[in-house]
Amino acid sequence: MIASTSPNSVAQSPLGSLLRAYDQAIAACRSRRSARAYQMIAILREAHPCDSPAAAGIDALYASCERSVLSGDFLGAARILDQLRTAWESADRITTPPSFSVRESKSVMSPHDAPEASRRG
C-alpha cells in the first residue's frame with residue numbers, strides 16, 4: 001500500500017511532529033524567547049540519533065543553534081533551523097511516493113490542450 005502524502009497524513013506522522021518542533025523552535029527564535037528557543041532546540045537535538053558522521057554534523061548544527069541563542073543571535077539560529085526543516089520536508093517529498101488520484105489525471109485532451117499547429121488544421 002502506498003502511503004498518502006496528504007497534509008493530514010504528514011501532520012499525524014513522526015515527520016509532522018518533527019516539523020512542528022522545528023516550527024516552534026523557529027517561532028521562539030524569531031520572537032527572541034531564549035528559554036523557549038533553547039528548550040525546543042534541545043528537544044530536536046535529543047530526538048536526533050548521532051549514529052553516523054552525517055548525524056554528528058547535524059548535531060553540531062544544533063549545538064551551534066544553542067550557542068547562537070545563548071549569545072543572542074536568534075536570527076542565525078532561526079536560519080539554520082529553517083534550513084534543517086526544509087531539508088527534512090524535501091527529503092520526505094523525495095522518498096514518499098505521491099498518492100494517485102484519478103481525478104487529477106487527464107484521460108482525454110481538450111482542444112485547449114492540443115498543440116498550436118494541430119488547432120489550425
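This is a predicted model, so every value here is computed, not measured. Numbering starts at 1 and runs along the sequence shown.
Shortest non-hydrogen contact noted between Arg32 and Gly72 is NH2-O, 3.9 Å. Shortest non-hydrogen contact noted between Ala78 and Arg30 is CB-CG, 4.4 Å. Residue Arg36 comes nearest to Ala28 through the heavy atom pair CG-CB, 3.7 Å, listed as atom of the first residue, atom of the second, then distance. Shown here for Asp59 and Cys50, the closest heavy-atom pair between the two residues is CB-SG, 3.5 Å. Here the closest heavy-atom approach between residue Ala63 and residue Arg45 is recorded as CB-NH2, 3.5 Å.
Between the Ser68 side chain and the Ser64 main chain, a donor and an acceptor come within less than 3.5 Å of each other.
Residues Ser31 and Phe74 have side chains not in contact (no heavy-atom distance under 4.5 Å, counting atoms from C-beta outward). Between Leu44 and Leu18 the shortest side-chain heavy-atom distance falls below 4.5 Å.
Taken from CG in Asp73 to SG in Cys65, the straight-line distance is 9.5 Å, to the nearest 0.5 Å. With rounding to the nearest 0.5 Å, the separation of CG in Leu19 from CG in Leu84 is 11.5 Å. Between Ser90 atom OG and Gln83 atom CD the span is 11.5 Å, to the nearest 0.5 Å. Distance check: Cys29 SG to Asp82 CG gives 10.5 Å after rounding to the nearest 0.5 Å. To the nearest 0.5 Å, the span separating CZ on Arg79 from CG on Leu75 amounts to 4.0 Å. Here the OH atom belonging to Tyr22 is positioned 10.0 Å from the CD1 atom belonging to Ile41, to the nearest 0.5 angstrom.
Follow the hydrophobic side-chain contacts under 4.5 Å out from Trp88 and you never reach Met40; the two are in separate clusters. Taken together through direct or relayed side-chain contacts under 4.5 Å among Ile, Leu, Val, Met, Phe, Trp and Tyr, Leu61 and Ile43 form parts of separate hydrophobic clusters.
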